[in-house]
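Worksheet for the structure shown next.
Residue numbers start from 1 in every chain, and the chains themselves are labelled A, B, ... in the order their sequence lines are given, proteins ahead of strands.
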Amino acid sequence: MAKAAAGRSKAGGSGLRLVIVESPTKVASIASYLGDGYIVESSRGHVRDLPTGAAEVPAKYKGEKWARTGVDVEHDFEPLYVVAQDKKATMRSLKDALAQADELLLATDDDREGEAIAWHLLQELKPKVPARRMVFREITPKAIADAVANLRDLDTDLVDAQETRRILDRLYGYEVSPVLWKKVMPRLSAGRVQSVATRLVVERERERIAFRTASYWDLDAVLDAGDGAEPPHFPARLTRVGDRRVAQGRDFDSRGQLLTRSNEVLVHLDEAQTRTLSSSLETAPFSVVGVDSKPYTRKPYAPFRTTTLQQEAGRKLGFTAQRTMSVAQDLYEGGYITYMRTDSSVLSDTAINAARAQVTQLFGASYLPASPRVYANKGKNTQEAHEAVRPAGDTFRTPAQTGLRGDQFRLYELIWMRTIASQMKDAEGFSTTVRIEATPAGAEPCTFVASGRTLTFHGFLKAYVESSDEPDSSGDDAQTRLPQLTEGQSLRAESLTPAGHETRPPARYTEPSLVAKLEELDIGRPSTYASIIRTITSRDYVFKKGSALVPTWLAFAVTRLLEEHFPALVDYKFTAQMEDTLDEIANGNAARVAVLTDFYFGAGGKRSTDANGEPGPDAPVISEEDLAGHEGLQRLVSELGDIDARRLSTFPVGDLGSTVVVRVGRYGTYVEDADGRRANVDDELPPDELTYELAQELLSKPMGEERELGTDPETHRTVVAKQGRFGPYVTEVLEEDAPKSAKPRTGSLFASMSVDSVTLEDALRLMSLPRVVGTLDGEEVTAQNGRYGPYLKKGTDSRSLESEDQIFDITLEQAEAVYAQPKQRGRAAAKPPLAELGPDPVSGRPMVVKEGRFGAYVTDGELNATLRRDDDPTTITAERGAELLADKRAKGPAPKKTTRRAPAKAAKKAPVKKAAASKTAATKAPAKKAAAKPRATASAPTS
DNA sequence: CAGTGAGCGAGCTTCCGCTTGACTT
């Protein structure tokens, strides 16, 4: 056992070493292995990160133009790191522990992220005592002792690789998402992982939409092998007619066309042909023309890693990825299994020994291979900080011995069985193919094939059989038995059944199959697989239908935008290539700044500018080849004007030449035909079910949410209530032959009314507005409802009313009194302040907290600053108030906004379903003009 | 996707990967 060398520290000479690991669940066992002389603490994951939003940016950096992303792209992509609020307590206790120690051992995980956590700890703790790096991949007394005996220095290249990954992800996410806010809808998101995950789901749906079914027929026979055969009957299928092979599902392409392969002639049977063939074969003699038997072996599956665990728990137990991880977390914390977030299938020696011992004990020595089975890791980018997911300990407890129950029992049992099976012998047996011929009178010979599989030794299948996503596929342990058959043997057809089949479109992804695909593409990490699905569902890109993941039309629109304008970013190979580059950085063969420059400013390097807008001294000369290379993220993001959101959000319905389109719009998804007729499309209608016929059906029905209230007794017109752009309103239906210029009367509902409950009487009153109250100063005074609520109008002079009912009640005398008051600025009357904070240290004026249109804000009478999400208006301190005002002062006056006439493209709102269509919502801040300053470099590329 | 009139404190949304509580029901 290693002991700290004592006596060299000034921190009290305690002789104590502080060991910091990532997970608190490891603390107790490591502390017990290390013994006296050590304090063991945990960082609970990362301790610092780039700021999430403005609230986390220190006041000092608030004014910087890179404060929003936290990455200063113009100065070597220098990142700004902050300790998040919920990490402060952890840092405090680590600092306290460090104060007692005279050496620091950073024992975070042995991978890229772990190395970075160690570096951040070092940066934040600023130890005055020596700090070393300690790594281990197994928590056993020996492994821990070895780790202490083999300390190393921090690997700064590896840290660089992690920072590059982090910065790249931030720039991608925080630069591209705002493009979607401006072009599609607010609150959308894009990212290296989620955008590709969404694209995969969209791509699969596109295939399904384009898919055309083919139907084909074949002939199933049940043959009789004669008395004494076991089994006496067996199935066989027609495979050839003469020289031609009978077409099967795999012989058709996705358009329903028969594939032509060079050296093979196919016959595509239809129902009539098959029936004719069937009856002509009824009397024909059948005989065996070939028997081919081959040995069959099947290797066990590798032990679980995160993805395979999620897949199998999904298939066998019906768990979502999230539920699997949560149950696994419980098992891990209870000491039942090893760490559940891993990309490794490797078992430690201890685990192999435990598994082998249990195989012998439970199944006997005949099931144990002579030497341990070794499983290689999946891809080259595996990060091997942890071993496979397996039962914990030097010996494995059987599920019954654990005393676990419910979900925990079932998941443990699954993990246990899989681990045991991985150290068992192969399954062995034979697979047999029998060819049978029958020749109808005066026709070509027909070939039937029967295949069978028998297991002579179950091997690992005794313990574990993997499940499949395909509903009609049989498991690895399935056997089909054929009777003993010899060449030349005669058979009798017991029955002949023509069978029709149809090709099926590719199946949608499920949670586990999408995760498996992402893993294959090297996208995402074990700790994030479950949350990827959560992200794309919570953004409404994808929804679940049963277990299938179905994309929305919104996902189609966003994916198309990214594919056309950011093609490199949604390339399926993007992450894999990034990983290669990160490996280069980790190996010291590439520089972080160069990689990020290439990504952000494009091939050809940084095109920085000096104060005069001239190329900076470090701007490299850009060659023609470089220009032909790729554009950087910055330039792509700045080309907002080129993005035609309406076109990208519009998709044809049905086959080519159809004039009906489906479009993702501000108020949801709708179909539109050439005449401009529109109808809403249910958000949960799978895109591949939106056929031309269905679209026509939707278009022929009136738009939803409309309710007939009755007939106006005076005009005999139908009065309806419906949901509109500015909220619910009532209107009348004009006669068919009404002139085009005729406008129906309308009226917004009062807050107290709803489309469902409003009466005809209410509606007629609303439509009668404005109401003439009387005449004042020779001008007519009217009362009406407007976008800011009820008001009076006299010529160009308007005054707000307090309640909607006053529109109908107010008398001329009362109106006169209203106009006698001076015109009020702002809201009716100033509300009393929520709190008084004393004088502002800068202006000297008293600070008060008030409730305003956008929530609580603090003001010194001149400058106002909205309280942040975490501030409580009633308990806020003077200090914090002054800080907010100082922030605001530092930012300077808000940039002048230009009003856009039509809200058409920008500032899209959420779909109708969620949009509480309030009047104020319609008056939302006008869209900021895309500030696309042309770059003033001499070498701007011309394409 | 109906069409009416002021002037006002805007600020925030978003990424990926490491890890658990501290909350609520």
Side-chain angles (χ1 to χ4, degrees), chain A residues 21-25 42-47 49-50 52-55 68-69 86-87 89-90 108-109 111-114 116-117 120 162 165-181 185-195 329 333 341 524-528 531-532 535 539 665-667 670 678 680 703 705 722-727 729-731 743-748 769-770 784-789 791 793 796-800 823-827 850 852-859 862-869 888 894 897 912 917 919 925:
Chain A
V21 296
E22 281 183 47
S23 168
T25 52
S42 71
S43 75
R44 294 158 199 273
H46 272 290
V47 290
D49 193 11
L50 299 170
T52 312
R68 193 182 60 82
T69 59
D86 59 341
K87 291 289 178 185
T90 304
T108 48
D109 289 351
D111 58 17
R112 195 165 66 209
E113 296 295 329
I117 293 173
H120 280 297
Q162 191 276 346
R165 197 278 308 155
R166 180 66 190 94
I167 292 168
L168 187 149
D169 280 336
R170 167 53 64 95
L171 292 174
Y172 184 149
Y174 273 41
E175 295 285 15
V176 179
S177 297
V179 172
L180 299 181
W181 305 342
M185 265 180 214
R187 292 174 176 275
L188 295 179
S189 61
R192 174 174 57 83
V193 172
Q194 61 169 290
S195 294
Q329 176 86 29
E333 285 175 10
R341 293 190 278 266
R525 302 281 314 138
S527 64
T528 63
S531 59
I532 294 168
T535 300
R539 297 272 173 276
R666 274 183 294 167
Y667 310 104
Y670 59 94
R678 291 176 171 183
N680 289 327
M703 294 274 276
E705 309 242 5
K722 52 183 172 180
Q723 200 68 32
R725 203 149 42 115
F726 310 120
Y729 69 104
V730 288
T731 187
K743 288 262 165 78
R745 292 173 300 162
T746 62
S748 281
L769 296 176
Q784 59 239 284
N785 213 2
R787 73 204 265 223
Y788 306 109
Y791 67 105
K793 189 174 164 186
T796 56
D797 193 6
S798 65
R799 297 295 162 88
S800 284
K823 190 164 172 135
Q824 293 241 341
R825 288 176 65 81
R827 284 166 157 232
K850 290 183 175 174
R853 209 154 48 103
F854 304 120
Y857 64 102
V858 59
T859 176
E862 276 203 354
L863 194 64
N864 306 307
T866 304
L867 298 198
R868 301 298 151 79
R869 216 173 352 176
K888 186 67 187 246
K897 289 176 178 178
V912 142
K919 289 176 191 161

query = Side-chain donor or acceptor of A/Arg166 under 3.5 Å from a matching atom on the base of B/dC15?
reply =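 Such a pair is found, so the answer is yes.
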message = Check this for me: does the side-chain of A/Arg165 come within 3.5 Å of the base of B/dC16 through a donor and an acceptor?
response =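 Donor-acceptor pair under 3.5 Å: yes.
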State whether [X] places a side-chain N or O below 4.0 Å from either non-bridging phosphate oxygen (OP1 or OP2) of [N].
X	N	result
A/Arg170	B/dT14	no
A/Ser42	B/dT19	no
A/Arg68	B/dC12	no
A/Arg341	B/dT19	yes

ask   = Does A/Ser177 or A/Glu333 map to a spot on DNA chain B nearer the 5' end, using the closest nucleotide for each?
value =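 Counting from the 5' end, the first nearest nucleotide belongs to A/Ser177.
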request  = Map A/Thr866 and A/Thr746 onto DNA chain B by nearest heavy atom, then report which one ends up closer to the 5' terminus.
outcome  =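 In this pair, the answer is A/Thr746.
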Touch check for [X], heavy atoms < 4.0 angstrom, all strands: base, sugar-phosphate only, or nothing?
X	answer
A/Asp49	base
A/Ser189	sugar-phosphate
A/Gly524	sugar-phosphate
A/Leu168	nothing
A/Ser531	nothing
A/Ala116	nothing
A/Pro744	nothing
A/Arg539	sugar-phosphate
A/Gly191	sugar-phosphate

Compare the minimum distances between each of [options] and the side chain of [X], then state the nucleotide with the smallest one.
X	options	answer
A/Ser798	B/dT13, B/dA6, B/dT19	B/dA6
A/Lys743	B/dG3, B/dC16, B/dC18	B/dG3
A/Gln329	B/dT14, B/dC18, B/dT20	B/dT20
A/Lys87	B/dT14, B/dT19, B/dC16	B/dT19
A/Thr25	B/dC15, B/dT20, B/dG17	B/dT20
A/Gln194	B/dC15, B/dT14, B/dT20	B/dC15
A/Arg187	B/dC16, B/dT13, B/dC15	B/dT13

Report the distance from atom [atom1] of [X] to atom [atom2] of [N], rounded to the nearest whole Å.
X	N	atom1	atom2	answer
A/Gln162	B/dT19	CD	P	13 Å
A/Trp181	B/dT14	CH2	P	7 Å
A/Tyr791	B/dT4	OH	P	9 Å

Nucleotides 23-25 of chain B: which of its N/O atoms have a protein N/O under 3.5 Å away?
none

ask   = For A/Asp49, what residues pass the salt bridge (charged side-chain N to carboxylate O under 4.0 Å, His left out) criterion, not counting sequence neighbours?
value =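 By the salt bridge (charged side-chain N to carboxylate O under 4.0 Å, His left out) rule, A/Asp49 matches A/Arg166.
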key: Partner residues of A/Arg187 under the salt bridge (charged side-chain N to carboxylate O under 4.0 Å, His left out) criterion, sequence neighbours left out   =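 Salt bridge (charged side-chain N to carboxylate O under 4.0 Å, His left out) list for A/Arg187, sorted by chain: empty.
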Sequence-distant partners of [X], side chain to side chain donor-acceptor pair (under 3.5 Å), two or more places apart:
X	value
A/Glu22	none
A/Thr52	A/Glu56
A/Thr108	A/Arg133
A/Arg745	A/Asp712, A/Glu732

message = Should A/Tyr729 be counted as stacked on B/dA2, where stacking needs a ring-centre gap under 5.5 Å and an angle between planes under 30 degrees?
response =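 So A/Tyr729 counts as stacking on the base.
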task = Kindly confirm whether the side-chain ring of A/Tyr172 is stacked on the base of B/dC15, judged by centres under 5.5 Å and planes under 30°.
result =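 Per 5.5 Å and 30° rule: no stacking.
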In the structure I gave you, are the side-chain heavy atoms of [X] and [Y] within less than 4.5 Å of one another anywhere?
X	Y	answer
A/Arg539	A/Met185	no
A/Pro770	A/Lys793	no
A/Glu175	A/Val179	no
A/Ser42	A/Ser23	no
A/His46	A/Lys87	no

Nucleotide pairing, DNA chain B (Watson-Crick or G-U, distances under 3.5 Å), in dot-bracket with [ ] and | = .........................
request  = Report the residues that fulfil ring pair (Phe, Tyr, Trp, His ring centres under 6.0 Å) with A/His120, sequence neighbours left out, ordered by chain and then residue number.
outcome  =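 In terms of ring pair (Phe, Tyr, Trp, His ring centres under 6.0 Å), with neighbours along the sequence ignored, A/His120 is linked to A/Tyr81.
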